[in-house]
There are 2 protein chains.
Amino acid sequence: METPDPFAVWLPLARAHKSVLASVETALKQAGLPGLDWYDTLWELECAGDAGLRPFELQEKLLLPQYGVSRLAERLAKAGLLARRTCNDDGRGQVLVITPEGAAMRARIWAVYSAAMQQAVTPHFSPGEARRLAELLAKLLRPAPADKI
Amino acid sequence: METPDPFAVWLPLARAHKSVLASVETALKQAGLPGLDWYDTLWELECAGDAGLRPFELQEKLLLPQYGVSRLAERLAKAGLLARRTCNDDGRGQVLVITPEGAAMRARIWAVYSAAMQQAVTPHFSPGEARRLAELLAKLLRPAPADKI
DNA sequence: TTGATATAGATGCAACTGCATTTACATGAG
DNA sequence: CTCATGTAAATGCAGTTGCATCTATATCAA
């Protein structure tokens, strides 16, 4: 049976990602705003609401290394965008909670982020194509079908 | 008319990229080999053959910043994987040429790279899906149709 | 309780990146 | 030729990342 060529997928995937990412990050930098790593973190914390998130939970959600989260949290805390609460259940841990300033910042980033991303993506696709592309990309993220490994 | 949702494309695009990239880079690291930036550079230089490439040409091909190429070339040269020749046409410039060791290294990286990438991608798609995905991703890289901007 | 092992998170150090600037040569106008 | 401007590449510095290790607490067996 015919085999799909994985490079025909990977090469444009890498380039498309690099290209869209670059336009978004450039737009954020021009607006004097922090990058997508800060945005993603603030987003997760805002979703978590008042309960906040443990650093290791953030680590799983964002696919970052442990020390990455540790230092990201440090910077965001220094910028006043999140608060570190001591964790009652576990003396080793802490709970990260977004501050009002953090939520405001997330909103400011979002305005620029969404506009730039839309500009970078929308013009290239019809709605049907966009849906199909999203669907196919999602397949890469699901665990592989057992019979194909 | 219905508008495609760009986030439905961007989010899985970013995640799929991160996920595949991570498996490839991990495999390279485990094999004690350099990362994809070195591979891409060696690949371009090998394609360019004996004529080599000017740093600014590499910069365009790899979408790297100027100082990024400058330092990458420095490291690759120190590792003996490329040679810097003085450029006869332009006294400011130089020409980067791959060495036999560089070509050998590219081949070693390729063995691991291709296997890891194949494992990360192939199981998720039928050949038809892979083709369609490659096609759609390529649309992101072409200049946008004029009537959609 | 005590000791062995596991987990949460921080951190020292070396390598890498981004930004701004610098050096050196090229080019074109006068 | 000479000066002003432009382009190729390097570099100092501050900030960031990766790796390995370290500290502190938790958990569980004996």
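Lettering of chains follows the sequences in order, A, B, ..., and the numbering in each one begins at 1. Heavy atoms only: backbone and side chains are in, while hydrogens, waters and symmetry mates are out.
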Exercise for review: Output the residues of residues 15-43 of chain A in contact with DNA chain D, where contact means a heavy atom of the residue under 4.0 Å from an atom of the strand; sort by number or write none.
Suggested key: none
Check your understanding: How long is the gap from CZ on B/R92 to OG1 on B/T86, to the nearest 0.5 Å?
Key -> 14.5 Å
Check your understanding: Looking at A/L137 and B/P12, what are the two nearest heavy atoms and their distance?
Key -> CB-CB, 3.8 Å
Check your understanding: Tell me, which of residues 64-73 of chain A have any heavy atom that sits under 4.0 Å from an atom in DNA chain C?
Key -> A/Q66, A/Y67, A/S70, A/R71
Using residues 50-67 of chain A as the side-chain source, report each donor-acceptor pair under 3.5 Å to any protein atom, sequence neighbours left out, with the distance given to one decimal.
| from | atom 1 | to | atom 2 | distance (Å) |
| --- | --- | --- | --- | --- |
| A/R54 | NE | A/Q94 | O | 3.1 |
| A/E57 | OE1 | A/R54 | N | 2.7 |

Point to revise | Trace of the ring-ring contact (aromatic ring centres under 6.0 Å, His included) decision for B/W110 with A/F7 | key: CA-CA 12 Å; B/W110 172 247; A/F7 265 88; 4.8 Å; yes
**Study point:** Nucleic acid contacts of residues 76-98 of chain A, taken as heavy-atom distances under 4.0 Å to DNA chain D
**Key:** A/D90, A/G91, A/R92
Review point. Tell me: CG of A/L53 to C1' of C/dA8, nearest whole Å?
Key: 15 Å
Study note, to complete from the structure: Span of DNA chain D engaged by chain B, first through last nucleotide within the 4.0 Å heavy-atom cut-off, is D/dG6 to D/dC19
Practice item. Find the distance between CG (A/L28) and OH (A/Y39) and round it off to the nearest 0.5 Å. Key: 10.5 Å
Review point. In whole angstroms, how far is the C1' atom of C/dA10 from the CG atom of A/L58?
Key: 16 Å
Check your understanding: To the nearest 0.5 Å, what is the distance between CG (A/L13) and CE (B/M117)?
Key -> 10.5 Å
Review point. Would you call B/E129 and B/R132 a salt bridge, taking side-chain N to carboxylate O under 4.0 Å as the test?
Key: no
Review point. Going by atom types only, do A/W10 and B/Y113 share a side-chain donor-acceptor pair under 3.5 Å?
Key: yes
Exercise for review: Identify all stems in which DNA chain D takes part, counting only runs of at least 3 consecutive pairs (Watson-Crick or G-U wobble, each distance under 3.5 Å), and give each as one range with another, ordered by first number.
Suggested key: C:1-30 with D:1-30
Check your understanding: Quick one: CG on B/L76 to CH2 on B/W38, what's the gap to the nearest 0.5 Å?
Key -> 5.0 Å
